Structures are given as C-alpha cells and as structure tokens.
Amino acid sequence: MRTAAPATPPLLLTRSIRPSSTTIHAWLLLLPAMTLLALFTHWPALATFIDSFFSTPRARRAATFVGLENYRQIFDDPIFWQALTNNLLFAIGTIPVSIGLALLMAVWVNDRIAGRTLVRMAYFTPTVLPMIAVANIWLFFYTPQYGLLAQLLAAFGGASYNWLGSKDTALLCVTIVAVWKEAGFFMIFYLAALQQIAPSLGEAAVLEGASRWYFFRRVQFPLLMPTTLFVLVNAVINAFRTVDHILVMTRGGPDNATSLLLFRIYELGFAFWDTSAAAALTMVLLLGLGTIALAQYIFLERRIHYR
Amino acid sequence: MQRRAFLKGTAAMSGALLAAPAIAQSSTEISFYYPVAVGGPITKLIDAYAAEFEKENPSIKVKPIYAGTYQETIVKALTAHKSGNPPTTSVLLSTDMFTLIDEDAVTPIDDFIRTDDDKAWLKSFFSAFMLNSQTAGKTWGVPFQRSTIVLYWNKDLFKEAGLDPDVPPATWAEQVTFAQKLTKLEASGGASQWGIQVPSSGFPYWLFQGFTTQAGTVLMNEEGNRTFYGGAEVVEALTYWVDLSRKHKVHPPGIVEWGTTPKDFFEKKAAMIWTTTGNLTNVRNNAKFPFGVAMLPAGKRRGSPTGGGNFYISRKAPAAQQEAAFKFMRWITSPERAAQWCVDTGYVAVRPDAFETPALSKYVTEFPAAAVARDQLQHAVAELSTHENQRVTKALNDGLQAALTGTKSPEQAMKDAQAEGERILSRYR
C-alpha cells in the first residue's frame, strides 16, 4: 500500500494518517521544480486571468473591476478578427506543409544515399538559425528590384513585385518563411522515429514484393503516428507562437495584413500599454490553444499505435 | 518538461540577479537607458562621453545601459518604472512625452532650473525641437538626438536624365516632373529605376507629416487630445502621395520598406529618396556617386516634422540621482558636445550656437549637406504626438497603408483613421 507511486500523494494521505518518509522524500524532490513552475508559469497565468477582468491601471486611476468589458472590446475590435483570420490562414498554411515536408525529407535522408550527412545538415540548418536572422535573410529575398526573388524573376523576364508591401501576398510570404524554418526541426523527430523501426520489417516487405509506397503507407506511416501527434501538437502551438519574423519583416503591416494574435497581444500590451486588453486576449488565445490540444489528444490518441 | 521549466526558471533567476542594480556607493551613480537607433559605433561614443564626464565630475558615476530599439527601451523603462526601480535618466522618443506623463513616469525639467545660467541653457535649443518637449507650460524632455526628413538625390542620374545635377526639386509639381524624367519603366509594368521613393513601412505617419505640413495643415492639437486626420488638406496630401505611384507611375507601388530605402538609393533603384538626416553619415560612406541633400519640396509651404529622442528624468529616482542626471544632461548638450555629436552621427546639433563652434563650422564648410537639416528647422513642425500616442498613430498608419496599397480611397482611409482617433482621445478632453 505504501509503495504506491509518489506521483499520487493525495491518495496516500487519505489512506494513512501520517505521511511516510517516502512521501516526504518525494515531495521534497518535487518541490524545486514545482516552485519554479508555480512562480513562473502558474502564477503569471492566474494573474493574467484575474487582470483580464479589471481595467488597465493608469498613474492616477487605479484598476477597477469591469467584468467582461475587456472581452467585449476585443470582440468589437475589427483588428482582432483580422488577426484571428490571419492566424488561422497562417496555421492552415504552415502546419500541413511543414509536417509533409518534414516527413518527405526524413524518408529521403533515412535512405543510404551519397552525402547523406551533408543533406541532413542542410535540411536542419534553418532550425539552427535564430528567427531574427532568418527573417533578415528572407527580407533580402523578397526585396523588390534587386532581391533574390526579383533577380530570379527578371532572369525569366518577369516583373519585379513588392511581395511584402502588398496586402495580397504579405501573409503568404511570412507563412513560407515559417515553413522553411520549421520543416527541418520536425524532420529530426521523424528521422529519429524512422531509425527506431526494425530493419526486419523492411526486409520482410521486400521479400513479399511490396512497393515502396505500399511499405510507407502500411508500415512506416502507422508506426510514425506517435511522432506525428507530437509534431502536430508542436506545429499547432508554433503556428500561434511564432511572431519574431513578423516584427522584423512587416510589423503586422501593410494595414494589419500580417498581424497575428500574439503580435496583437504584444502591440496591445507593450506599444499601447493597455495591459488589461492584452491579458484578456491572452486568455482567449490560451483557451483556444488548450481546446485544440485537448481535442488532438482525445481524437488522435485512439488512432495511434504505441509499441 | 519539468526539467526544461527548471532550467528556464534558473536562467530567469540568474538573469534577475545580474540585472539588479549595483549597490549605491559613496558617490552618486546614475543609470542611463540609451536606445541604439542608428548604425555605426554609437555605443562607443556614448561610453566615451560617460567616461569623460566622470573624469570631470569624480563624484558621479554614469552607467549607460544599451536597451535596444526606441520601442524596446521605452518598454524596459516603463516596466522598471512600474516595478518601482526606474533608470535615473533615459533617452526616449520625444513623441512618447504624453505617454510618459500619463504613466506619471517622468519629472519636469523645470524642477531643476534654478540659476539664470540654467534658464539660459533651457532657452538655447532650436525652438522646433522644443515643440515636442513641452506641454501644459512645462518642459518634460531635453533634445538630444534629433532629426528631420530630407531629400537625397543622385547627381549622376540627374545628369543622365538631362536635369541640372545641382538643382533639386523645390515644389510638389517639380518633384513629379523630375521624377517622371528619372523613372525608367519596363514593358512588364515594373521599373528598373524609380524617380522617387518615400518609405511607408513601420511608421508611415512620420513621412506623411512631411506631406501634410507642406499641404499647410497639422495632424493634432498642442494638447495632444484631438486629431485632424479627416481634414481636406490631409486628404489632399495623401492623394498626392498615392498618385506618385498610381497616377504618375514614378514611385514603387505598395508599401516601401524603410530599412532598405537607403540601399535602394545606393543601388540606383531610386533616384530621389526621403529619409532621416540620421542617415547622412551612412549615405556619405556608402553612396558610390555624387549625391545632394535638400529640404523637402514645398506644397503650399516647405515643411518637415522633427523626430528622434529626448532626455527624460524618472520621477521615482532618488533626488540626488536626479540632480546628477540633470548635471550630465547639461554637460552633454553643451555647444561643443552637441557639435561633436552632430559630426559623429549626422543628427542635427540641437542648438544654434553649436554651429558656431570651430569643429562644426569646419565640418559644414567641407560638407555643406550637413547644414541642410539645420536650415530646414525654420520650417519644421512638431512630430505627431498625442495621449495614447502609439494607438493614435497606429490608426493613421493603418489608414495610410490601406490607401497606399489601394484597399481604401484616401478619403475613406482618413475618415476611418479620424473616427478611431476620436474614439481613443475623447476621454482625454
């Protein structure tokens, strides 16, 4: 009875009145991590939740309880809806493409091809670079007239286009940068998972005369599902978390065409100093992300084969 | 997960410990937030100034803290203010004056003015620079690194187009006709060379204020609680800007990046550009052709907003530190240092008598372009600055970008921007 897992101490406490030395030991071991987690994650989250129901304190006006007013203002704000739409498009653009590319690259560099290490490294390089550096590189690619893209187009007789300065293409441009940055990172996870698959499976498939595609579809892909779930959860979070390149490349412009939710939170909080509105928007984002993560675990978990 | 959180936490803690202010010594130590807004070895210059000041004033230690861009610096300064431990002094945008007053973060400079000498010092600055430093009868900031917008032109391309290389456009009409001669359109619809380029990313309102001033109007009142975005002359100014690319096809379409505009000029993709005088040293070092610097062309009149940073003193700093910071401010804005600063960076020296110092008068004779910004100051107006400044200017920025990208007509864009400005500012009246 007393050997129950230390991870469930409340149960133990109800069964024996005096906590055993094991329990105390376990709690002591958990304490440092829990303190830091509570201090730097849970308390700020709770404080944000509370702040979102109060007005923004100004120098001569203390914060007052305003109920759902901050939330009402967010939903009345057209820029919020535009940022939300932008963010959903950004997510739809980045998640499937970066995962698909990652899988493709992983399968490719998993084979014994010449210069394999070099190719792997090349694919992984974007991940190693800081996002700010990446954004500056791409800023040059997109520059009209003498940027890389403009020069390529000019070689084929096309006209120079102002990619980041036009409302129609700016969001697509920043989406491509995010895909370029992330695919290599996800590839590493797929590559690790692919190496875990026993070679005997591949040999058996060859003996049975299964095609490459069939082997991938029926053997490799199902075995990669746990990795896919992990990567998917991360990709979704990243789609709502990546804003560094927005700051460098467009600052949300032109006319909010590339404003994403997190960028909008930063703007409300640290440019407008409307901390309550920023807190309320943070809660909206948190709730949305929490719901998505929960749904992913509930629905996908059943279809995943863990070994 | 827990391990990662733990590492993160440890890093945050050690960061906090390092950032804690050094314990006050027998002498007074003043902390000084400084934003690095232009290229070049600017931090070395500031370090050298601090060291020199310490040598002359052994009882005061100046600790410069390089805090990133202007935006990052005000975030850090206001966060520090809210935590009760602000820097003694900081250089922040002159336009953040109302924000800093509303947050009760700064103390008026008038509190330190006691002697006649002090009074004379406060009156020694160019009056154009004081417009964004004073409100409600008080002075809140001291001009330090200030600039205006000027026109740079490529003399080689002028010659090529059959224009007099030494005569820049003086009016709006000339600006268009010159630009037409300087634009090389291509069959595909683009251009291998644009006649004129006015950047519109990030803070288009600043460049736009050049147009509105020339159109003979202002964008806000002096109290900073009312905007006039919807006025007829404002729409006229915006229409002129939009027409440069839409109607006359002499200006790149869409949003033009601020950061790459000097580079476009060096690459001869733009024959004339509007940008800050703060870029003067940059252009001088990198342009591989003879170039000219001119005042912005006149519409109904000439005009440009001022820009750049002021010194502020934190209200919550101890009195002894505030006094020391004031002393430092007076020292660094003396004519000799203002002159040196102008030579080293390209910013406009903040007071007229600096131009009479040997160092600066020699520099201006060798490089007359350096005096253009000074001469333009008589036409300069206050930069757009209101309560809730960033929110109110963003309303204008969004409208400008909507009009420049063609999603809204100039009238509609300015009407919407004005409505948003009214909504935000009505409670400040």
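In the text below, chain A, chain B and the rest are named by the order of the sequence lines, each starting its count at 1. Owing to the predicted nature of the structure, the values given are computational and were not obtained by experimental measurement.
In this structure, the portion of B:T407 lying under 4.5 Å from any heavy atom of chain A is its side chain and not its backbone. Proximity to chain A is absent for every atom of B:E186, based on heavy atoms less than 4.5 angstrom apart. Neither the backbone nor the side chain of A:Y142 has a heavy atom closer than 4.5 Å to any heavy atom of chain B. Heavy atoms of A:D168 lying under 4.5 Å from chain B are absent altogether. Contacts between B:D264 and chain A at a heavy-atom distance below 4.5 Å involve backbone atoms as well as side-chain atoms. No part of B:S200 comes within reach of chain A, as not one of its non-hydrogen atoms sits under 4.5 angstrom from that chain.
Residue B:F203 places its CZ atom among more than 12 non-hydrogen atoms of other residues, nucleotides or ligands, all under 6.0 Å distant. Remark: B:Y66 OH is packed, more than 12 non-hydrogen atoms of other residues, nucleotides or ligands lying under 6.0 Å away. Atom CZ of A:F270 sits in a sparse spot, with 12 or fewer heavy atoms from other residues, nucleotides or ligands closer than 6.0 Å. No more than 12 heavy atoms of other residues, nucleotides or ligands shown are found within 6.0 angstrom of NZ on B:K415.
Looking at heavy atoms from C-beta onward, B:R391 lies in side-chain contact with A:L268 at the 4.5 angstrom threshold. Side chains of B:D398 and A:I79 form a contact here, defined as non-hydrogen atoms less than 4.5 Å apart.
In terms of heavy atoms, A:P254 sits closest to B:T405 at CB-CG2, 3.9 Å. Taking every heavy atom of both residues into account, A:Y146 and B:T260 meet most closely at OH-O, 3.7 Å. When all heavy atoms are compared, the tightest approach of B:Q401 to A:D255 is OE1-N, 2.6 Å. Nearest heavy atom pair, residue A:Y266 against residue B:V75, reads OH-CG2, 4.3 Å. B:G202 approaches A:R251 most closely through the heavy-atom pair CA-NE, 3.4 Å.
Of the inter-residue distances, the one linking B:E388 atom CD with A:D274 atom CG reads 7.0 Å to the nearest 0.5 angstrom. The structure places OG1 of B:T99 at 10.0 Å from CH2 of A:W273, a figure rounded to the nearest 0.5 Å. B:T393 contributes atom OG1, which lies 7.5 Å from atom CZ of A:F272 (distance to the nearest 0.5 angstrom). The CG atom of A:L247 sits 8.5 Å away from atom CD of B:E72, with the distance rounded to the nearest 0.5 Å.
Residues B:K394 and A:E267 are paired through a salt bridge, judged by an N-O separation under 4.0 Å between the basic side chain and the carboxylate.
A:N162 places no side-chain N or O within 3.5 Å of a backbone atom of B:P252 that could act as its donor or acceptor partner.
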